[in-house]
Number of protein chains: 2
Amino acid sequence: MTVMQSTTAAPIEQQSPAPADICSAPPRRHPRPEGQDRYTISEVVAFTGLTAHTLRWYERIGLMSHIDRSHTGQRRYTNRDLDWLDFVTKLRLTGMPVADMVRYAELVREGETTYPERRELLEQTRRDVVSRIAELHDTLSVLDRKISFYETGGN
Amino acid sequence: MTVMQSTTAAPIEQQSPAPADICSAPPRRHPRPEGQDRYTISEVVAFTGLTAHTLRWYERIGLMSHIDRSHTGQRRYTNRDLDWLDFVTKLRLTGMPVADMVRYAELVREGETTYPERRELLEQTRRDVVSRIAELHDTLSVLDRKISFYETGGN
DNA sequence: CGCTTGCTTCGAGTGCACTCGAAGGTCATA
DNA sequence: TATGACCTTCGAGTGCACTCGAAGCAAGCG
(Lines give C-alpha, C1' and ligand atoms only; values in the text may rest on other atoms or scores of the structure.)
Protein backbone atom coordinates (compact mmCIF):
# COMPACT_ATOMS: atom_id res chain seq x y z
CA MET A 1 0.00 0.00 0.00
CA THR A 2 1.15 3.49 -0.75
CA VAL A 3 -0.02 5.14 2.39
CA MET A 4 1.14 8.45 3.73
CA GLN A 5 3.10 8.85 6.94
CA SER A 6 1.05 8.27 10.04
CA THR A 7 -2.44 7.66 8.74
CA THR A 8 -3.81 4.22 9.25
CA ALA A 9 -5.02 3.31 5.83
CA ALA A 10 -8.73 2.96 5.41
CA PRO A 11 -9.73 -0.70 5.60
CA ILE A 12 -10.77 -2.19 2.31
CA GLU A 13 -14.34 -1.00 2.59
CA GLN A 14 -15.68 -1.44 -0.93
CA GLN A 15 -16.74 1.62 -2.89
CA SER A 16 -20.37 2.41 -2.28
CA PRO A 17 -22.91 1.52 -4.96
CA ALA A 18 -24.34 4.99 -4.30
CA PRO A 19 -27.95 5.15 -5.55
CA ALA A 20 -27.07 8.61 -6.80
CA ASP A 21 -29.61 10.74 -5.04
CA ILE A 22 -28.39 14.16 -6.01
CA CYS A 23 -30.13 15.87 -3.17
CA SER A 24 -28.76 13.98 -0.25
CA ALA A 25 -25.42 14.08 1.45
CA PRO A 26 -22.71 11.51 0.89
CA PRO A 27 -21.89 9.12 3.73
CA ARG A 28 -18.66 10.86 4.85
CA ARG A 29 -17.06 7.81 6.31
CA HIS A 30 -14.10 9.11 8.23
CA PRO A 31 -13.03 12.27 9.94
CA ARG A 32 -10.06 14.01 8.45
CA PRO A 33 -6.90 13.47 10.50
CA GLU A 34 -4.99 16.42 11.92
CA GLY A 35 -1.56 17.67 11.00
CA GLN A 36 -1.41 16.23 7.52
CA ASP A 37 -1.54 17.84 4.15
CA ARG A 38 -1.00 15.11 1.62
CA TYR A 39 -3.63 12.46 1.10
CA THR A 40 -3.76 9.60 -1.36
CA ILE A 41 -6.83 9.14 -3.46
CA SER A 42 -7.95 6.17 -1.41
CA GLU A 43 -7.80 8.29 1.70
CA VAL A 44 -9.92 10.92 0.06
CA VAL A 45 -12.34 8.19 -0.95
CA ALA A 46 -12.53 7.22 2.70
CA PHE A 47 -13.07 10.80 3.85
CA THR A 48 -15.62 11.86 1.31
CA GLY A 49 -17.44 8.74 0.29
CA LEU A 50 -16.87 9.62 -3.35
CA THR A 51 -15.31 6.99 -5.58
CA ALA A 52 -11.82 7.30 -7.05
CA HIS A 53 -13.47 7.33 -10.44
CA THR A 54 -15.56 10.31 -9.43
CA LEU A 55 -12.61 12.15 -7.93
CA ARG A 56 -10.63 11.78 -11.12
CA TRP A 57 -13.68 12.77 -13.10
CA TYR A 58 -14.09 15.93 -11.02
CA GLU A 59 -10.55 16.86 -11.86
CA ARG A 60 -10.98 16.05 -15.53
CA ILE A 61 -14.04 18.25 -15.94
CA GLY A 62 -12.40 21.12 -14.11
CA LEU A 63 -14.45 20.94 -10.97
CA MET A 64 -11.16 20.67 -9.14
CA SER A 65 -7.99 22.37 -10.15
CA HIS A 66 -5.09 20.09 -10.97
CA ILE A 67 -4.22 18.00 -7.95
CA ASP A 68 -0.65 17.94 -6.79
CA ARG A 69 1.34 14.82 -7.64
CA SER A 70 3.94 12.75 -5.86
CA HIS A 71 7.25 12.25 -7.60
CA THR A 72 5.78 9.11 -9.13
CA GLY A 73 2.75 10.90 -10.49
CA GLN A 74 0.21 9.85 -7.90
CA ARG A 75 -2.36 12.34 -6.67
CA ARG A 76 -1.70 13.97 -3.34
CA TYR A 77 -4.70 15.88 -2.10
CA THR A 78 -4.13 18.76 0.27
CA ASN A 79 -6.41 20.00 3.03
CA ARG A 80 -7.28 22.82 0.70
CA ASP A 81 -8.45 20.29 -1.83
CA LEU A 82 -10.51 18.55 0.80
CA ASP A 83 -12.05 21.86 1.82
CA TRP A 84 -12.97 22.51 -1.75
CA LEU A 85 -14.43 19.03 -2.00
CA ASP A 86 -16.50 19.76 1.09
CA PHE A 87 -17.73 22.94 -0.45
CA VAL A 88 -18.57 21.22 -3.70
CA THR A 89 -20.45 18.59 -1.79
CA LYS A 90 -22.47 21.26 -0.09
CA LEU A 91 -23.23 22.98 -3.35
CA ARG A 92 -24.16 19.68 -4.87
CA LEU A 93 -26.83 19.06 -2.30
CA THR A 94 -28.41 22.38 -3.03
CA GLY A 95 -29.16 20.85 -6.40
CA MET A 96 -26.71 23.04 -8.25
CA PRO A 97 -25.76 21.43 -11.54
CA VAL A 98 -22.16 20.38 -11.93
CA ALA A 99 -21.74 22.72 -14.88
CA ASP A 100 -22.42 25.70 -12.62
CA MET A 101 -19.93 24.50 -10.06
CA VAL A 102 -17.38 24.14 -12.81
CA ARG A 103 -18.12 27.70 -13.80
CA TYR A 104 -17.46 28.84 -10.26
CA ALA A 105 -14.26 26.81 -10.12
CA GLU A 106 -13.13 28.53 -13.31
CA LEU A 107 -13.80 31.91 -11.78
CA VAL A 108 -11.71 30.98 -8.79
CA ARG A 109 -8.88 29.97 -11.08
CA GLU A 110 -9.10 33.24 -12.93
CA GLY A 111 -8.15 35.16 -9.81
CA GLU A 112 -9.26 38.18 -7.86
CA THR A 113 -10.77 40.02 -10.79
CA THR A 114 -13.71 37.64 -10.71
CA TYR A 115 -14.74 38.48 -7.15
CA PRO A 116 -17.88 40.35 -8.15
CA GLU A 117 -19.02 37.58 -10.46
CA ARG A 118 -18.33 34.94 -7.87
CA ARG A 119 -20.26 36.87 -5.32
CA GLU A 120 -23.18 37.21 -7.70
CA LEU A 121 -23.15 33.51 -8.32
CA LEU A 122 -23.07 32.66 -4.64
CA GLU A 123 -25.83 35.10 -3.88
CA GLN A 124 -28.03 33.54 -6.50
CA THR A 125 -27.26 30.17 -5.00
CA ARG A 126 -28.07 31.53 -1.59
CA ARG A 127 -31.45 32.68 -2.79
CA ASP A 128 -32.08 29.25 -4.24
CA VAL A 129 -31.13 27.57 -1.00
CA VAL A 130 -33.34 29.87 1.02
CA SER A 131 -36.31 29.15 -1.18
CA ARG A 132 -35.61 25.46 -1.10
CA ILE A 133 -35.54 25.54 2.67
CA ALA A 134 -38.88 27.30 2.62
CA GLU A 135 -40.30 24.64 0.34
CA LEU A 136 -39.04 21.93 2.60
CA HIS A 137 -40.62 23.59 5.62
CA ASP A 138 -43.81 23.65 3.68
CA THR A 139 -43.46 20.00 2.92
CA LEU A 140 -42.74 19.32 6.54
CA SER A 141 -45.97 20.86 7.64
CA VAL A 142 -47.90 18.85 5.09
CA LEU A 143 -46.20 15.72 6.34
CA ASP A 144 -46.95 16.62 9.92
CA ARG A 145 -50.58 17.07 9.12
CA LYS A 146 -50.74 13.70 7.44
CA ILE A 147 -48.78 11.99 10.15
CA SER A 148 -50.97 13.33 12.88
CA PHE A 149 -53.94 12.08 10.91
CA TYR A 150 -52.50 8.61 10.94
CA GLU A 151 -51.51 8.99 14.57
CA THR A 152 -55.10 9.43 15.66
CA GLY A 153 -55.91 6.26 13.73
CA GLY A 154 -57.39 8.39 10.97
CA ASN A 155 -60.29 10.26 12.51
CA MET B 1 -61.51 23.44 -27.34
CA THR B 2 -63.19 21.12 -24.95
CA VAL B 3 -63.20 23.38 -21.97
CA MET B 4 -65.22 22.96 -18.85
CA GLN B 5 -68.04 25.26 -17.87
CA SER B 6 -66.88 28.63 -16.64
CA THR B 7 -63.15 28.35 -16.70
CA THR B 8 -61.36 30.51 -19.17
CA ALA B 9 -59.10 28.10 -20.91
CA ALA B 10 -55.43 28.58 -20.33
CA PRO B 11 -53.93 30.51 -23.24
CA ILE B 12 -51.76 28.43 -25.49
CA GLU B 13 -48.66 28.87 -23.37
CA GLN B 14 -46.31 26.22 -24.69
CA GLN B 15 -45.32 23.36 -22.45
CA SER B 16 -42.22 24.22 -20.51
CA PRO B 17 -38.91 22.75 -21.63
CA ALA B 18 -38.36 22.00 -17.92
CA PRO B 19 -34.64 21.52 -17.28
CA ALA B 20 -35.68 18.70 -14.96
CA ASP B 21 -34.10 19.73 -11.71
CA ILE B 22 -35.60 17.16 -9.42
CA CYS B 23 -35.01 19.22 -6.32
CA SER B 24 -36.78 22.38 -7.23
CA ALA B 25 -40.41 23.27 -7.39
CA PRO B 26 -42.38 23.45 -10.61
CA PRO B 27 -43.51 26.84 -11.85
CA ARG B 28 -47.16 26.54 -10.74
CA ARG B 29 -48.53 28.85 -13.32
CA HIS B 30 -52.08 29.50 -12.25
CA PRO B 31 -54.09 29.45 -9.07
CA ARG B 32 -56.81 26.85 -8.94
CA PRO B 33 -60.26 28.36 -9.49
CA GLU B 34 -62.98 28.00 -6.86
CA GLY B 35 -66.17 26.04 -7.04
CA GLN B 36 -65.14 23.59 -9.67
CA ASP B 37 -64.39 19.92 -9.50
CA ARG B 38 -63.74 18.76 -13.04
CA TYR B 39 -60.65 19.93 -14.86
CA THR B 40 -59.36 19.01 -18.29
CA ILE B 41 -55.81 17.89 -18.66
CA SER B 42 -54.78 21.19 -20.20
CA GLU B 43 -56.13 23.00 -17.18
CA VAL B 44 -54.12 20.76 -14.91
CA VAL B 45 -51.11 21.47 -17.06
CA ALA B 46 -51.73 25.15 -16.46
CA PHE B 47 -52.16 24.70 -12.70
CA THR B 48 -49.24 22.42 -12.07
CA GLY B 49 -46.69 23.21 -14.72
CA LEU B 50 -46.41 19.50 -15.48
CA THR B 51 -46.82 18.40 -19.09
CA ALA B 52 -49.79 16.37 -20.32
CA HIS B 53 -47.32 13.62 -21.12
CA THR B 54 -46.13 13.59 -17.56
CA LEU B 55 -49.63 13.63 -16.15
CA ARG B 56 -50.59 10.59 -18.22
CA TRP B 57 -47.35 8.96 -17.26
CA TYR B 58 -48.06 9.51 -13.57
CA GLU B 59 -51.35 7.76 -14.05
CA ARG B 60 -49.81 4.93 -16.02
CA ILE B 61 -47.19 4.13 -13.42
CA GLY B 62 -49.73 4.22 -10.63
CA LEU B 63 -48.60 7.44 -9.04
CA MET B 64 -52.16 8.63 -9.46
CA SER B 65 -55.19 6.42 -9.20
CA HIS B 66 -57.32 6.19 -12.31
CA ILE B 67 -58.59 9.62 -13.25
CA ASP B 68 -62.28 10.07 -13.84
CA ARG B 69 -63.37 10.33 -17.47
CA SER B 70 -65.96 12.36 -19.33
CA HIS B 71 -68.55 10.46 -21.34
CA THR B 72 -66.17 10.72 -24.28
CA GLY B 73 -63.27 9.25 -22.38
CA GLN B 74 -61.39 12.43 -21.63
CA ARG B 75 -59.72 12.89 -18.27
CA ARG B 76 -61.53 15.00 -15.75
CA TYR B 77 -59.35 15.79 -12.78
CA THR B 78 -61.03 16.54 -9.48
CA ASN B 79 -59.84 18.83 -6.71
CA ARG B 80 -58.89 15.68 -4.88
CA ASP B 81 -56.64 14.75 -7.77
CA LEU B 82 -55.10 18.19 -7.74
CA ASP B 83 -54.50 17.93 -4.01
CA TRP B 84 -52.77 14.64 -4.55
CA LEU B 85 -50.72 16.19 -7.30
CA ASP B 86 -49.71 18.97 -4.95
CA PHE B 87 -48.69 16.43 -2.38
CA VAL B 88 -46.71 14.45 -4.90
CA THR B 89 -44.98 17.60 -5.99
CA LYS B 90 -44.00 18.30 -2.43
CA LEU B 91 -42.70 14.80 -1.94
CA ARG B 92 -40.83 15.07 -5.18
CA LEU B 93 -38.90 18.06 -4.04
CA THR B 94 -37.77 16.25 -0.95
CA GLY B 95 -35.88 14.05 -3.37
CA MET B 96 -38.11 11.05 -2.80
CA PRO B 97 -37.84 8.68 -5.74
CA VAL B 98 -40.95 8.17 -7.79
CA ALA B 99 -40.96 4.48 -6.97
CA ASP B 100 -41.45 5.30 -3.29
CA MET B 101 -44.28 7.66 -4.05
CA VAL B 102 -45.91 4.94 -6.10
CA ARG B 103 -45.54 2.63 -3.12
CA TYR B 104 -47.31 5.16 -0.95
CA ALA B 105 -50.04 5.61 -3.56
CA GLU B 106 -50.56 1.86 -3.56
CA LEU B 107 -50.90 1.84 0.20
CA VAL B 108 -53.53 4.54 -0.04
CA ARG B 109 -55.43 2.47 -2.59
CA GLU B 110 -55.27 -0.57 -0.34
CA GLY B 111 -57.35 1.20 2.29
CA GLU B 112 -57.34 1.81 6.01
CA THR B 113 -55.45 -1.32 6.92
CA THR B 114 -52.28 0.30 5.65
CA TYR B 115 -52.43 3.26 8.03
CA PRO B 116 -49.47 2.11 10.14
CA GLU B 117 -47.31 1.46 7.13
CA ARG B 118 -48.20 4.78 5.59
CA ARG B 119 -47.40 6.54 8.79
CA GLU B 120 -44.07 4.77 8.97
CA LEU B 121 -43.26 5.83 5.45
CA LEU B 122 -44.18 9.44 6.08
CA GLU B 123 -42.19 9.53 9.29
CA GLN B 124 -39.14 8.26 7.51
CA THR B 125 -39.68 10.92 4.89
CA ARG B 126 -40.07 13.48 7.60
CA ARG B 127 -36.74 12.51 9.08
CA ASP B 128 -35.17 12.83 5.65
CA VAL B 129 -36.65 16.26 5.17
CA VAL B 130 -35.49 17.43 8.57
CA SER B 131 -31.97 16.32 7.89
CA ARG B 132 -32.01 17.86 4.46
CA ILE B 133 -33.10 21.14 5.97
CA ALA B 134 -30.23 20.93 8.40
CA GLU B 135 -27.82 20.30 5.56
CA LEU B 136 -29.15 23.27 3.69
CA HIS B 137 -28.75 25.49 6.74
CA ASP B 138 -25.22 24.30 6.91
CA THR B 139 -24.72 25.15 3.29
CA LEU B 140 -26.26 28.52 3.89
CA SER B 141 -23.76 29.39 6.54
CA VAL B 142 -20.92 28.33 4.31
CA LEU B 143 -22.32 30.50 1.55
CA ASP B 144 -22.71 33.41 3.91
CA ARG B 145 -19.14 33.13 5.00
CA LYS B 146 -17.95 33.13 1.42
CA ILE B 147 -20.26 35.94 0.41
CA SER B 148 -19.15 38.16 3.22
CA PHE B 149 -15.60 37.47 2.18
CA TYR B 150 -16.38 38.76 -1.29
CA GLU B 151 -18.35 41.62 0.16
CA THR B 152 -15.32 42.99 1.94
CA GLY B 153 -13.48 42.80 -1.35
CA GLY B 154 -11.76 39.66 -0.14
CA ASN B 155 -9.64 40.72 2.81
C1' DC C 1 8.80 -11.53 -7.18
C1' DG C 2 4.20 -10.63 -6.68
C1' DC C 3 0.69 -7.90 -4.79
C1' DT C 4 -1.43 -3.61 -4.27
C1' DT C 5 -2.18 0.95 -5.34
C1' DG C 6 -2.00 3.97 -8.34
C1' DC C 7 -1.71 6.08 -13.13
C1' DT C 8 -3.56 6.99 -18.13
C1' DT C 9 -7.17 6.88 -21.92
C1' DC C 10 -11.14 5.29 -23.84
C1' DG C 11 -15.69 4.36 -24.34
C1' DA C 12 -19.76 2.19 -22.86
C1' DG C 13 -23.41 1.50 -19.35
C1' DT C 14 -26.69 2.89 -15.61
C1' DG C 15 -30.71 4.92 -13.37
C1' DC C 16 -33.79 8.29 -12.97
C1' DA C 17 -37.48 11.15 -14.44
C1' DC C 18 -39.15 12.59 -17.71
C1' DT C 19 -39.89 14.04 -22.74
C1' DC C 20 -41.13 13.60 -27.24
C1' DG C 21 -43.05 12.07 -31.48
C1' DA C 22 -45.79 9.36 -34.37
C1' DA C 23 -49.82 6.93 -35.75
C1' DG C 24 -54.46 6.56 -35.79
C1' DG C 25 -58.65 7.50 -33.46
C1' DT C 26 -63.05 10.21 -31.20
C1' DC C 27 -65.69 14.40 -30.16
C1' DA C 28 -67.49 18.99 -30.07
C1' DT C 29 -67.53 23.55 -31.58
C1' DA C 30 -66.99 27.55 -35.20
C1' DT D 1 -66.47 20.49 -42.78
C1' DA D 2 -62.49 21.68 -40.56
C1' DT D 3 -59.98 22.49 -36.61
C1' DG D 4 -58.45 21.62 -32.18
C1' DA D 5 -58.41 19.19 -27.86
C1' DC D 6 -58.27 15.03 -26.39
C1' DC D 7 -57.57 9.84 -26.45
C1' DT D 8 -54.61 5.33 -27.01
C1' DT D 9 -50.18 2.63 -27.56
C1' DC D 10 -45.60 2.29 -28.65
C1' DG D 11 -41.03 3.03 -28.43
C1' DA D 12 -37.17 5.98 -28.68
C1' DG D 13 -34.54 10.01 -26.98
C1' DT D 14 -32.67 13.29 -23.44
C1' DG D 15 -29.81 15.11 -19.72
C1' DC D 16 -27.58 14.53 -15.75
C1' DA D 17 -24.19 12.62 -12.79
C1' DC D 18 -22.00 9.39 -12.30
C1' DT D 19 -20.17 4.43 -12.71
C1' DC D 20 -17.69 0.84 -14.48
C1' DG D 21 -14.46 -1.89 -16.92
C1' DA D 22 -10.59 -2.78 -19.62
C1' DA D 23 -5.94 -2.23 -21.25
C1' DG D 24 -1.47 -1.35 -20.28
C1' DC D 25 1.95 0.63 -17.36
C1' DA D 26 4.83 2.39 -13.07
C1' DA D 27 6.10 2.32 -8.10
C1' DG D 28 6.63 0.59 -3.49
C1' DC D 29 6.29 -2.92 0.11
C1' DG D 30 7.10 -7.58 2.28
What integer distance in Å separates [X]:[atom1] from [N]:[atom2]?
{"X": "I41(B)", "N": "dA5(D)", "atom1": "CD1", "atom2": "P", "answer": "13 Å"}
{"X": "M96(B)", "N": "dC16(C)", "atom1": "CE", "atom2": "P", "answer": "15 Å"}
{"X": "R38(A)", "N": "dG6(C)", "atom1": "CZ", "atom2": "C1'", "answer": "14 Å"}
{"X": "R76(B)", "N": "dC6(D)", "atom1": "CZ", "atom2": "P", "answer": "8 Å"}
{"X": "E43(B)", "N": "dA5(D)", "atom1": "CD", "atom2": "C1'", "answer": "12 Å"}
{"X": "R92(B)", "N": "dC16(C)", "atom1": "CZ", "atom2": "P", "answer": "16 Å"}
{"X": "H53(B)", "N": "dT19(C)", "atom1": "NE2", "atom2": "P", "answer": "11 Å"}

- Message: Taking side-chain hydrogen bond (donor to acceptor under 3.5 Å, both in side chains) as the definition, give me every residue that meets it alongside T72(A), ordered by chain and number, with sequence neighbours left out.
- Response: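 Only S70(A) meet the side-chain hydrogen bond (donor to acceptor under 3.5 Å, both in side chains) criterion with T72(A).
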- Apply side-chain hydrogen bond (donor to acceptor under 3.5 Å, both in side chains) to D138(A) and list each qualifying residue two or more places apart in sequence or on a separate chain.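 By the side-chain hydrogen bond (donor to acceptor under 3.5 Å, both in side chains) rule, D138(A) matches K90(B).
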- Message: Near DNA chain D, counting only heavy atoms under 4.0 Å, which residues of residues 55-71 of chain A show up?
- Response: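 Under 4.0 Å from DNA chain D: W57(A), Y58(A), H71(A).
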As a test of reading the structure: which of [options] is closest to the side chain of [X], going by heavy atoms?
{"X": "T40(B)", "options": "dC18(C), dC27(C), dC6(D)", "result": "dC6(D)"}
{"X": "T72(B)", "options": "dT19(D), dC6(D), dA28(C)", "result": "dA28(C)"}
{"X": "Q74(A)", "options": "dC20(D), dT5(C), dC18(C)", "result": "dT5(C)"}

- Short side-chain to backbone donor-acceptor contact, W84(A) and A105(A), under 3.5 Å: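 It does not hold such a pair.
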- Query: Are OP1 or OP2 of dG6(C) and a side-chain N or O of R75(A) less than 4.0 angstrom apart?
  - Reply: no
- Message: I want to check one thing: is the phosphate of dC6(D), taken as OP1 and OP2, less than 4.0 Å away from some side-chain N or O of S42(B)?
- Response: yes
- Task: Compute the centroid of each ring, for F149(B) and then for Y115(A), and state whether the two points are separated by less than 6.0 Å.
- Result: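 Judged by ring-centre distance (under 6.0 Å), F149(B) and Y115(A) do meet the cut-off.
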Among residues at least two apart in sequence or on other chains, which ones pass side-chain contact (heavy atoms from CB on, under 4.5 Å) with [X]?
{"X": "E117(A)", "answer": "R103(A), L107(A)"}
{"X": "T78(A)", "answer": "D37(A), R80(A), D81(A)"}
{"X": "R127(B)", "answer": "E120(B), E123(B), Q124(B)"}

